[in-house]
Protein chains: 2
Amino acid sequence: MKRGDRLSINHYSVRQLTLEQLVEECRQLRISYVGLWREKVRELGIERAKALIDQAELKISSLCRAGFFPYDDAAQRQKSIEENRKTFDEAAVLGAQLVVLVCGGIAAAGLSASREMVAEGIANLVPYAVERGVRLGIEPLHPMFAADRSVIVTLTQANEIAERFSPEQVGIIVDVFHVWWDPQVYEQIARAGSRILGFHVSDWAVSFTDPLMSRAMMGQGVIEIRKLRRVLGDLIAE
Amino acid sequence: MKRGDRLSINHYSVRQLTLEQLVEECRQLRISYVGLWREKVRELGIERAKALIDQAELKISSLCRAGFFPYDDAAQRQKSIEENRKTFDEAAVLGAQLVVLVCGGIAAAGLSASREMVAEGIANLVPYAVERGVRLGIEPLHPMFAADRSVIVTLTQANEIAERFSPEQVGIIVDVFHVWWDPQVYEQIARAGSRILGFHVSDWAVSFTDPLMSRAMMGQGVIEIRKLRRVLGDLIAE
């Protein structure tokens, strides 16, 4: 396998592009994987998106995203389940074998209860996903997103949940931007082992202002990406 | 002890005030403790600050701040040591028995090495602080500050370092804004026990934009302050 053969570009890293433009860029740059986003797929229409990607012989590293499990009431819970199932249906149509989970922020019941809702929500979804040939990848987000996006903020939490399932059902997404600060990061990457289904790279600019938009290019920030990648290298077959 | 008798106002929460104005506000509001900041003390002059506080019969909960241990070279290390010693000298003059440590961001040697520099730096300072009757309080900051302000981002890390010393030498500052997201927070507050020398309250606004300035008033955010305070209540004698 040649260097770069497993490189995937996440559509949200270049979200100014339409899916058609992204596919064309991938062709020109010889990038063989794309990380798709549902809204970008929907813009084009799922059947056309599928045809476009197949024609370009692109592979899909993952579909973003399902999750947002914590709920305030039964109606919200049901809505979340339906939206997540729909995501797996779409993944199956596209031939995406991995759906990334952004687990959701704090519900009215509080932080601990919300974390339990995440574990419960994943357990509830697994059979449906398995039927569609889709694996779930839990992606812990940086603690600055704990309130509104993901009560799962460490690889430790992600591992604890994932380990209730087989690695074919539930894995882990390591995004260095979200987990680099964690004193347990190397230990938890090792623990996740073959459950790691994605390794997202970007960097953390020291002079940091906006939580969402302040990612730096790799090498221009403080994240020890090579060191993190090395732990991974011993775990995943090239 | 009456409710509120241990309430302290941190000068940086009302940094638009001079120290003279702060002391006057405390008098009017019957607040009996202040958390001082070196630069605000210096504006007035340390002797005048001391006289003002004594005259108002105010108590000093802590002096902020020493720390910033990670260094790129020997000269920077020496400068940090001297600045920290000066802080303890000032604390002794003021009669402040606690200096808050903000441990510092990432030095050129990287994250792990920087964390070791913190532990080494604290060990190096303890004898000097003890001679001046000053305790050190390690305050973990939120992981969004790991790059530039504090490589110590969890109570677990703070406890691990503090436990190398006696509770009379090194304690812990719990600032709910910084640690609320941590799945280990209750366990680690319990672990810190009588080492907890400060409990800082503010809140985390869900619609969060600026890392430094987006604190909310207590009750207007997502932090479970009462629940965190209850753990503390069992640990610290009223």
Side-chain angles (χ1 to χ4, degrees), chain A residues 70 105-116 118-119 140-161 176-186 203-214 216 220-228, chain B residues 70 105-116 118-119 140-161 176-186 203-214 216 220-228:
Chain A
I106 304 174
L111 182 56
S112 305
S114 299
R115 285 172 169 158
E116 282 164 28
V118 171
L141 299 195
H142 193 283
M144 68 186 167
F145 298 121
D148 54 345
R149 282 187 178 75
S150 176
V151 292
I152 305 302
V153 292
T154 65
L155 286 170
T156 309
Q157 289 177 285
N159 275 324
E160 279 168 7
I161 297 175
V176 300
F177 181 83
H178 291 304
V179 300
W180 69 273
W181 56 270
D182 185 350
Q184 301 294 313
V185 65
Y186 295 103
D203 216 331
W204 181 285
V206 178
S207 55
F208 171 84
T209 49
D210 183 285
L212 270 178
M213 300 306 294
S214 293
Q220 294 181 353
V222 299
I223 304 178
E224 295 171 330
I225 301 175
R226 283 178 197 279
K227 198 171 155 191
L228 290 161
Chain B
I106 304 174
L111 182 56
S112 304
S114 299
R115 286 173 168 158
E116 283 164 26
V118 171
L141 300 194
H142 193 283
M144 68 187 166
F145 299 121
D148 55 344
R149 282 187 178 76
S150 177
V151 292
I152 306 302
V153 292
T154 64
L155 287 170
T156 308
Q157 290 177 284
N159 274 324
E160 279 167 9
I161 298 175
V176 299
F177 182 84
H178 292 303
V179 301
W180 69 272
W181 56 270
D182 186 351
Q184 301 293 313
V185 66
Y186 295 103
D203 216 329
W204 181 284
V206 178
S207 56
F208 171 83
T209 51
D210 182 287
L212 270 178
M213 301 306 296
S214 293
Q220 294 181 352
V222 298
I223 305 178
E224 295 171 330
I225 302 175
R226 283 178 198 279
K227 198 171 156 192
L228 291 161

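Bear in mind the structure is a predicted one, so any value in this text is a computation, not a measurement. Order of the sequence lines fixes the chain letters, A, B, ..., with proteins taken first and strands second; residue numbering starts at 1 for each chain.
Applying the side chain to side chain donor-acceptor pair (under 3.5 Å) criterion to B:H142, with sequence neighbours excluded, gives no partner residue. Not a single side chain to side chain donor-acceptor pair (under 3.5 Å) links B:D182 to another residue, sequence neighbours left out.
Here CD of A:Q184 is found 8.0 Å from OG1 of B:T154. Values are rounded to the nearest 0.5 Å. Between atom OG of residue A:S112 and atom CD of residue B:E224 there is a gap of 5.5 Å, rounded to the nearest 0.5 Å.
Scanning both residues, A:P183 and B:Q157, for their nearest heavy atoms gives CG-CD, 3.3 Å.
The choice from B:W181, B:W180, B:Y186 that makes the most heavy-atom pairs within less than 4.5 Å of chain A is B:W181.
Contact of B:L111 with chain A is made through backbone and side chain together, with heavy-atom distances under 4.5 Å.
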Using the rule given for side chain to side chain contact (heavy atoms under 4.5 Å, CB included), can you reason through B:M144 versus A:F145, listing the C-alpha separation, both sets of side-chain angles and the distance that settles it, and then say yes or no? CA-CA 10 Å; B:M144 68 187 166; A:F145 298 121; over 6 Å; no

